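Reviewing the structure listed below.
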Amino acid sequence: MQAVDAAERFQHKIDTEIKIEPKDWMPEKYRQTLIRQISQHAHSEIVGMLPEANWISRAPTLKRKAILMAKVQDEAGHGLYLYSAAETLGISRHEMYQQLLSGKAKYSSIFNYPTLTWADMGAIGWLVDGAAIMNQVPLCRTSYGPYARAMVRVCKEESFHQRQGFETLLVLSQGTAEQRAMCQDAINRWWWPSVMMFGPPDDESPNTQQSMQWKIKRFTNDELRQKFVDICAEQVKTLGMTLPDPDLRWNEERNHYDFGAINWNEFWEVLKGNGPCNKQRLDARNKAWDDGAWVREAAAAYAEKQRSGQSEMGSDMPTLNEQKAA
Ligand code: FAQ
């Protein structure tokens with residue numbers, strides 16, 4: 001009887017737009033769904049640093065380098081807020097991270113594609129961050145309080161990222177024939193993987209229906225994908241470039257752009273670990289974890305020293321406890 005009351009109260013809060021907070025009662029499946037989504041989101045931010053980090057040392061100017069470094073650092077920050085939000089649901093950061101490193105946890109399919117030219121930095125900002133914002137602005141209103149609040153700042157930063165990406169492409173699109181070709185080539189390669197980022201079509205999305213009922217998701221995968229296509233189909237005109245889709249055309253009746261068939265086989269293969277860079281990405285994260293072992297050991301040793309009251313200033317110095325007692 002009590003569980004029924006709790007479940008009703010929970011759904012009533014959701015229905016009346018009251019945020020669910022960490023200490024509130026929640027169905028176990030709600031908690032698990034959030035841990036899955038938030039941790040995958042955090043992993044995406046952390047793995048997502050790699051394709052762009054690849055170009056920091058080769059950015060064409062000091063200004064571009066500074067912007068790119070700041071963007072990559074922002075993504076690290078997003079990962080950290082998101083791991084913190086997930087920790088409020090009772091899972092440790094260590095456990096989540098081990099799930100990433102072992103290949104058990106998913107992260108966004110998009111980060112398994114290579115960054116071949118400088119124009120890819122523009123295409124990632126415009127299309128990948130653009131798709132990320134389309135999906136994440138509604139997450140600022142997601143039903144779980146810590147996730148919703150984390151997303152507010154993330155979205156402000158993503159919005160800057162999107163604009164800097166578009167501006168990078170705009171400069172290339174006004175450059176030499178070679179630069180224009182590089183710009184078009186990057187758009188061609190990043191377009192379809194960006195369209196896939198929104199997840200499987202609604203009729204093949206096992207989680208959407210329940211997540212909509214719990215207001216974790218506010219829009220379905222296909223709804224967000226359509227909004228994204230509609231916006232990009234207009235923006236690409238400003239660049240004087242095209243999207244690589246011969247079936248893209250405005251549909252008066254639907255008041256939306258129609259677009260061509262998505263290669264879902266490619267999407268599921270990338271999720272299975274068979275994308276062009278899956279192995280490279282996980283190897284890089286595992287190497288960073290192994291290389292960072294000494295930092296974790298030093299931090300743990302320092303914390304232990306503090307806990308046991310030993311001074312770090314040398315054995316002839318009074319310990320903290322001795323200082324306190326004096
Ligand atoms: N990649 O039933 P659904 C960024 C999985 S952040 C890999 O529809 P759901 C910032 C899904 O997890 C980008 N896996 O699932 C940045 C599920 O697997 P599971 C990340 C995918 O959760 C920019 C299965 O397929 N953003 O880009 C993908 O209801 C530039 C069935 O799917 C977020 O994570 C995919 N694309 O909807 C950083 C946003 N799509 O666990 C650096 C938060 C689906 O059941 C540089 N997440 N799957 O086995 C969400 O909004 C949702 O989780 C969706 C998927 C919409 C991604």
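First listed ligand is number 1; within each ligand, the first listed atom is number 1. Just so it is clear, the structure is predicted and the values come from calculations on it, not from any experiment.
No donor-acceptor distance shorter than 3.5 angstrom exists from the side chain of Q40 to the backbone of A105, with no hydrogens or angles considered.
Under the side-chain contact (heavy atoms from CB on, under 4.5 Å) criterion, W268 pairs with P200, E204, W264, L271, sequence neighbours left out. Judged as a side chain to side chain donor-acceptor pair (under 3.5 Å), and not counting sequence neighbours, the contacts of N112 are Y107.
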For ligand 1, what N or O to protein N or O distances fall under 3.5 Å?
| from | atom 1 | to | atom 2 | distance (Å) |
| --- | --- | --- | --- | --- |
| ligand 1 | 1 (N) | S109 | N | 2.8 |
| ligand 1 | 1 (N) | S109 | OG | 3.4 |
| ligand 1 | 2 (O) | S205 | OG | 3.0 |
| ligand 1 | 2 (O) | P206 | N | 3.3 |
| ligand 1 | 2 (O) | N207 | N | 3.0 |
| ligand 1 | 2 (O) | N207 | ND2 | 2.9 |
| ligand 1 | 8 (O) | S205 | OG | 2.8 |
| ligand 1 | 8 (O) | N221 | ND2 | 2.8 |
| ligand 1 | 12 (O) | R36 | NH1 | 3.4 |
| ligand 1 | 12 (O) | Q40 | OE1 | 2.8 |
| ligand 1 | 15 (O) | N207 | ND2 | 3.3 |
| ligand 1 | 18 (O) | K106 | NZ | 3.4 |
| ligand 1 | 22 (O) | R36 | NH1 | 3.0 |
| ligand 1 | 22 (O) | R36 | NH2 | 3.2 |
| ligand 1 | 29 (O) | K217 | NZ | 2.7 |
| ligand 1 | 36 (N) | S109 | OG | 3.1 |
| ligand 1 | 36 (N) | M197 | O | 3.1 |
| ligand 1 | 37 (O) | K217 | NZ | 2.9 |
| ligand 1 | 41 (O) | R36 | NH1 | 3.4 |
| ligand 1 | 41 (O) | Q40 | NE2 | 3.0 |
| ligand 1 | 45 (O) | N207 | ND2 | 3.2 |
| ligand 1 | 49 (O) | K106 | NZ | 2.6 |
| ligand 1 | 51 (O) | N135 | ND2 | 2.9 |

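Among residue pairs with one or both ends in residues 74-87, those qualifying as salt bridge (charged side-chain N to carboxylate O under 4.0 Å, His left out) are K71-E75, E87-R93; sequence neighbours excluded.
Within the 4.5 Å cutoff, the side chain of W191 has heavy atoms near those of the V229 side chain.
In this pair, F198 and F228 present their aromatic rings tilted. The plane angle is within the 30 to 60° band.
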